[in-house]
Amino acid sequence: MNVRTRFAPSPTGYLHIGGARTALFSWLYARKMGGTFILRIEDTDRERSTQASVDAILEGMAWLNLGHDEGPFYQTQRFDRYAEVIQQLVASGHAYRCYCSKEELEQMREGQMARKENPRYNGLWRDRQDETPPAGIEPVIRFRNPQTGVVEINDVVRGKITISNAELDDLIIARSDGTPTYNLTVVVDDIDMQVTHVIRGDDHISNTPRQINIMRALGFEPPKFAHLPMILGSDGQRLSKRHGAVGVMQYRDDGFIPQAVLNYLVRLGWSHGDQEIFSREEMVELFSLEAINRAPSAFNTEKLLWLNQHYIKTLPVAELEAQLQWHLQAQALDISTGPALAAVINAQRERAKTLVEMVAISRYFYEEFAEFDPVAVQKQFKADTADNLLVVHDELAALATWQGEAIHAAIQAACETLGLKLGKVGPPLRVAVTGSASSPSLEITLELIGRERVLQRIQRAIGFIRTLAA
Ligand code: GLU
């Protein structure tokens, strides 16, 4: 079978974590099976759909590098096709016009509530098609749902689910203005796009039996379904905006790398033994729908951070370099007058959990820092520090080559001259050249900052310490 999956977001907001996971699983399954991944934008709700949301979804998919093979298809461009199918269903008797007024529907509802029944359409117009319709009412079109029998779903994740047709009322498939409703458009698209596997959030599970009935009425057998378990926030409630950043691009802004987010997402509801780290290739190779968990999974920011750090430590430098570009722009750091970015990444990759942090802790390589960290000053700048730094300065100034080993030797020589241990000379030197108490090893830090800046900064620190003492 040629596997065809689809991701079908409604563009009513950004691509959130739950949507991204759905997209990833659909993408993975298509890739794993050598199949086709379709992107379909379900924009029929014209009031809530926006171009900005479409753009945000496409941007999120591109950032995660979940490329589609077909589409994006837009439902708003397929209204003629939906109208055709609706007519076909009316003509074949599988759908009918319903002229109930708002008031009638409201009365129906109230009566049912009073009798403690579930509110549902009672089929009033099901068998009234020969009657003269009331004047002044534009009818809706309802699907004539079977009234007996059951719908069986063999959900790949949840197993067998059986719903009695008696529980399903006659769903509106076209509004009175003729526009199609969600369940109709999904069915028509899944048929036309020859979707073989519908992989989506389990919030859609109640739609599934209705969609299956419509599909069968059109003469098609339904695809396979895999309903993904919910994602919960730390408080056990369905993950939502209340839990903080859930838009995918927010993770980019916060310094996460897409590989880490994908790796994190794949483990939300899917597992392969105890394995936590999966490259894209491994995900594709190991993924299976059968290994999706039934139980909801909880979102865990700590774990995402841990994965991010893992990828910062291990990705090829060129890859990190490419991803850092956006952050350099966003944080307005001009790197044209400093060391090669790749060298800085190598020096800092063990020290940053996010790319935002990476940029923040690397500024001193490229521009002057505004002030010495007051806590570090308190701890490291003593009365004799200025004189000691001067000795270091002169040793460094005399170096023929500005390179790690030579720098190390010069600092050692200064220690000997001063009769002090490196533990006494190094920390104030670090504060002098970086402004703070933490940086990579001294020789690497100094090498990368560059001779001229280092010598100037030591002078600046000496001056600063002397004003402190005065
Ligand atoms: N458009 C629906 C949503 O964004 C998804 C429909 C589907 O996957 O069948 O929730």
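None of the values given here were measured: they were computed from a predicted structure. Just follow the structure's listing: the first ligand is 1, and inside any ligand the first atom is 1.
In terms of protein heavy atoms, atom 5 (C) of ligand 1 is closest to Ala8 O, 3.3 Å. For atom 8 (O) of ligand 1, the nearest protein heavy atom (residue, atom name, distance) is Arg6 NH1, 2.7 Å. Of all protein heavy atoms, the one lying nearest to atom 1 (N) of ligand 1 is Glu42 OE1, 2.5 Å.
For His197 and Phe37, the ring centers sit 6.0 Å or farther from each other. Aromatic rings from Tyr96 and Trp125 are positioned such that their centres are separated by 6.0 Å or more.
Each of the following atoms of ligand 1 lies closer than 4.0 Å to a heavy atom of Tyr182: 6 (C), 7 (C), 9 (O).
Contact annotation for Pro9 and ligand 1: only backbone heavy atoms (N, CA, C, O) come within less than 4.0 Å of the ligand.
Close N/O approach between His204 and ligand 1 is found [any backbone or side-chain N/O within under 3.5 Å]. Between Asp203 and ligand 1, a contact under 3.5 Å exists for no N or O pair.
The cationic group of Arg21 lies under 6.0 Å from the six-membered ring centre of Phe25 and within 45° of the ring axis, placing it in a cation-pi geometry.
Looking only at distances, a side-chain donor or acceptor of Arg349 sits under 3.5 Å from a matching main-chain atom of Lys313. A distance-only check finds a donor-acceptor pair linking the side chain of Lys32 to the backbone of Glu285 [under 3.5 Å].
Other residues, nucleotides and ligands contribute over 12 non-hydrogen atoms within 6.0 Å of the CZ atom of Arg120.
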